[in-house]
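Positions are given from 1 along the sequence.
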Amino acid sequence: MYFEDEMTPKERMIAFSKGEAIDRIPVVPDMGVTMAWYIGKKTNDYYTSSDVITETEIALFNRFHHDNICVSTTLRGMAEAMGSVMNYPDDNISNLREPVVKTEEDIDKLELIDPWKDGHLHVLLEALEKIRDALGDVADIGASMTAPFTVAASVLGTENMLRWIVKKKEAFHRLMDIITRNNAEYIKALGKIGFGTGFCDPVSSTSMIRPAQYREFSLPYFKRNVEDVKKYCGGAPTIHICGKSKDIWEDVVSAGVGNFSIDNCEDLAEAKRIMGDKVVITGNVPPVDAIYLGNDDIIKEEVKKCVAKAWDSPKGYILCTGCQIPKNSPIENIDSFMKWGRYYGKMPMDTSKLV
């Protein structure tokens, strides 16, 4: 059995989802494209090759045996499939070069995507199947995609988007409708090959917009995609929102999610109090201060703090980094995260460790 674990990650996550006894709290470092260097590849290799994604994720799993492998569209994958042009640095995170929508008239030119042909979505679908072929007996494998409002930031450009939700509301709603329908096409493709998906929605953070704007421009469309996931994939999806989100926690939960992942700028104890009886709480060891810049002692204390606050959350708790681990983080620090997650998260819980 892996390390001192009594269950495989797949066994653990299946039991966790059913509310059954598990050997320890699930532990998930948020990795992906920023870890391509681990197998000697560049970020651009990961973005464009299902084989590189597969090799990276298998190598990471063989080292850490973490409790979920996630293949993500990244924040810009759907926008690219819809026609936005991305810049792919040789070895850095992609960024928006040219949005596909510049005027209201451009909205009417948008069409439904084909996930197997448009952008790089097919690369992700292929990688998911390859990873499952290699690790499906022991690993929990899933997808992640971008919620509609954050997709809009790369379809329209963030500055224009923030202008439109004030000055061109009707046009923006029309844009959100086609984005939501395109997200549904990817969700259908995932469901057809046997995968579920979660969502990342950083632009919906209240660090970016007001709660009232979230309720008007983001939440209704996110709710539609949550229902799409339930219909085509089965089960309720995860949501991760970067930055501040406390003022919209109850709104997000009302969309029907099953798991809420919060950034490390928010407090797990507050999350447990406000929504722990409704959804699984996930988070939130600092990815920069602890994993990228920290050391074993710092990571130990951060993991201990998180587990102490949330291990007894009524619907369950998953120990995770507060967001994606930065590129070139010391690999030993991720080892440390997993080590202390196993130690402090051992079940049945020994609360004396957490004092």
Within one Ile-Leu-Val-Met-Phe-Trp-Tyr cluster: Trp116 and Met82, side-chain cutoff 4.5 Å: yes
- line: One should read off an interatomic distance between Phe172 CZ and Lys167 NZ, to the nearest 0.5 angstrom, of 15.5 Å
field: Under 3.5 Å donor-acceptor, His66 side chain and Pro29 backbone
entry: no
field: Minimum heavy-atom distance between Glu270 and Arg273, given as atom pair plus value
entry: OE1-NH2, 2.9 Å
- prompt: Shared ILVMFWY cluster between Leu75 and Met86, side chains joined below 4.5 angstrom?
  reply: no
- prompt: Mind checking whether Glu129 and Leu125 have side chains closer than 4.5 Å, heavy atoms only?
  reply: no
- request: Might you point out which heavy atoms bring Ala81 and Asp118 nearest each other, and give the distance in Å?
  value: O-CB, 3.6 Å
query: Side chains of Leu293 and Val288: does their closest heavy-atom pair fall under 4.5 Å?
result: yes
Heavy-atom check, side chain of Val252 versus side chain of Ser245, under 4.5 Å: no
message: Can you confirm whether Asp137 is buried at CG, in the sense that more than 12 heavy atoms of other residues, nucleotides or ligands lie under 6.0 Å from that atom?
response: no
message: Counting neighbours of NZ on Lys315 that are heavy atoms of other residues, nucleotides or ligands and sit closer than 6.0 Å, is the number greater than 12?
response: no
message: Taking Lys244's backbone N and O only, do any of them form a donor-acceptor pair with Ser205's side chain (distance below 3.5 Å, no angle check)?
response: yes
message: Within the structure provided, determine whether Arg163 and Leu156 are in side-chain contact (heavy-atom separation under 4.5 Å).
response: no
query: Atom CG of Asp267 and atom NZ of Lys272: how far apart are they, to the nearest 0.5 Å?
result: 10.0 Å
message: Checking Glu266 against Ile241 for the side-chain contact (heavy atoms from CB on, under 4.5 Å) test, could you report, in this order, the C-alpha distance in whole Å, the side-chain angles of both residues, the deciding distance, and whether it holds?
response: CA-CA 10 Å; Glu266 295 286 17; Ile241 297 180; over 6 Å; no
message: Can a donor-acceptor pair be found, under 3.5 Å and without considering hydrogens, that links the side chain of Asn225 to the backbone of Thr180?
response: yes
- prompt: Do the side-chain N and O atoms of Asp90 and Asn44 include a donor-acceptor pair separated by under 3.5 angstrom?
  reply: no
statement: Value for NZ (Lys188) from CG (Asp228), rounded to nearest 0.5 Å, stands at 7.5 Å
Lys327 vs Ile93, side-chain contact (heavy atoms from CB on, under 4.5 Å): CA-CA, chis, key distance, verdict: CA-CA 9 Å; Lys327 188 174 177 290; Ile93 299 301; over 6 Å; no
query: Between the side chain of Asn284 and the main-chain N/O of Asp263, is any donor-acceptor distance below 3.5 Å?
result: yes
- request: Kindly check if the number of other-residue, nucleotide or ligand heavy atoms within 6.0 Å of CD (Glu104) is above 12?
  value: yes
query: Can a salt bridge be assigned to the pair Lys109 and Asp106 using a cut-off of 4.0 Å between side-chain N and carboxylate O?
result: yes
- prompt: Quick one: OH on Tyr317 to CD1 on Ile281, what's the gap to the nearest 0.5 Å?
  reply: 10.0 Å
- prompt: Is any side-chain N of the basic residue among Arg174 and Asp108 closer than 4.0 Å to the acidic one's carboxylate O?
  reply: yes
query: Do Asp30 and Thr321 have side-chain atoms, one donor and one acceptor, less than 3.5 Å apart?
result: no
- prompt: Would you call the rings of Tyr221 and His173 parallel, tilted or perpendicular, where under 30° means parallel and over 60° means perpendicular?
  reply: tilted
message: Would you say that more than 12 heavy atoms from the other residues, nucleotides or ligands in this model lie under 6.0 Å from the CZ of Arg215, or not?
response: yes
- prompt: So which heavy atom on Asp67 is nearest to which on Met13, and how close?
  reply: O-CG, 3.2 Å
query: Got a sec: does the OH of Tyr38 have more than 12 other heavy atoms crowding it under 6.0 Å?
result: yes
- request: Determine whether Leu112 and Val151 fall in the same hydrophobic cluster, where Ile, Leu, Val, Met, Phe, Trp and Tyr are linked whenever their side-chain heavy atoms lie under 4.5 Å apart.
  value: yes
query: Is there a path from Ile298 to Leu319 through hydrophobic residues (I, L, V, M, F, W, Y) whose side chains come within less than 4.5 Å of each other?
result: no
- request: Hey, could you give me the NZ/OG distance between Lys300 and Ser336, rounded to the nearest 0.5 Å?
  value: 9.5 Å
task: Would you sort out whether Phe337 and Val27 count as a side-chain contact (heavy atoms from CB on, under 4.5 Å), showing the intermediate values?
output: CA-CA 8 Å; Phe337 172 78; Val27 184; 3.5 Å; yes
message: Counting neighbours of CD on Glu20 that are heavy atoms of other residues, nucleotides or ligands and sit closer than 6.0 Å, is the number greater than 12?
response: yes
query: Does a side-chain N-to-carboxylate-O contact under 4.0 Å join Lys130 and Asp51?
result: yes
field: Any side-chain heavy-atom pair of Arg24 and Arg12 under 4.5 Å
entry: yes
message: So does Ile325 get a backbone contact from the side chain of Thr34, meaning a donor-acceptor N/O pair under 3.5 Å?
response: yes
message: I'd like to know if Lys223 and Glu227 make a salt bridge, using a cut-off of under 4.0 Å between side-chain N and carboxylate O.
response: no
- request: Measure the spacing between CD1 of Ile165 and OH of Tyr214 and express it to the nearest 0.5 Å.
  value: 13.5 Å
message: Quick one, Met35 with Ser329, criterion side-chain contact (heavy atoms from CB on, under 4.5 Å). Give me CA distance, side-chain angles, the key distance, then yes/no.
response: CA-CA 9 Å; Met35 295 298 293; Ser329 293; 5.7 Å; no
field: Where Ser154 and Ser84 come nearest, the two heavy atoms and their spacing
entry: O-OG, 2.7 Å
query: Do Met347 and Leu268 share a hydrophobic cluster, counting only Ile, Leu, Val, Met, Phe, Trp and Tyr and linking them when any side-chain heavy atoms are less than 4.5 Å apart?
result: yes
- prompt: Should Arg63 and Asp335 count as an ion pair when the cut-off is N to O under 4.0 Å?
  reply: yes
Side-chain heavy atoms of Thr56 within contact of Met31, under 4.5 Å: no
query: Do Phe149 and Met176 touch side chain to side chain, with heavy atoms closer than 4.5 Å?
result: yes
- prompt: Is the closest basic N to carboxylate O distance between Arg224 and Asp177 below 4.0 Å?
  reply: yes
task: Taking the side chain as every heavy atom from C-beta outward, state whether Lys339 and Val303 have any atom pair closer than 4.5 Å.
output: no
query: What closest approach, in Å, do Leu96 and Ala153 show between heavy atoms, and which atom pair accounts for it?
result: CD2-O, 4.1 Å
Can you give the donor-acceptor pairs under 3.5 Å from side chains of residues 189-203 to other protein atoms, not counting sequence neighbours?
from: Thr197; atom 1: OG1; to: Ala143; atom 2: O; distance (Å): 3.4
from: Asp201; atom 1: OD1; to: Thr150; atom 2: N; distance (Å): 3.4
from: Asp201; atom 1: OD1; to: Thr150; atom 2: OG1; distance (Å): 2.5
from: Asp201; atom 1: OD1; to: Ser204; atom 2: OG; distance (Å): 3.3
from: Asp201; atom 1: OD2; to: Ser204; atom 2: OG; distance (Å): 2.7

message: Side chains of Glu80 and Tyr47: any donor to acceptor distance under 3.5 Å?
response: no
field: side chain to side chain contact (heavy atoms under 4.5 Å, CB included) partner of Ser50, the single match among Val71, Leu124, Val123
entry: Val123
task: Decide, yes or no, whether a salt bridge links Glu301 with Lys305 under the criterion of side-chain N to carboxylate O below 4.0 Å.
output: no
- prompt: So, is the end of the Lys41 side chain (NZ or CZ) under 6.0 Å from the ring centre of Tyr46 and within 45° of the ring's axis?
  reply: no
field: Residues Glu6, Lys346: salt bridge by 4.0 Å N-O rule
entry: yes
task: Indicate the atoms forming the closest heavy-atom contact of Thr73 with Leu121, along with that distance.
output: CG2-CD2, 3.9 Å
message: So for atom NZ, which belongs to Lys102, do other residues, nucleotides or ligands contribute more than 12 heavy atoms lying within a distance under 6.0 Å?
response: yes
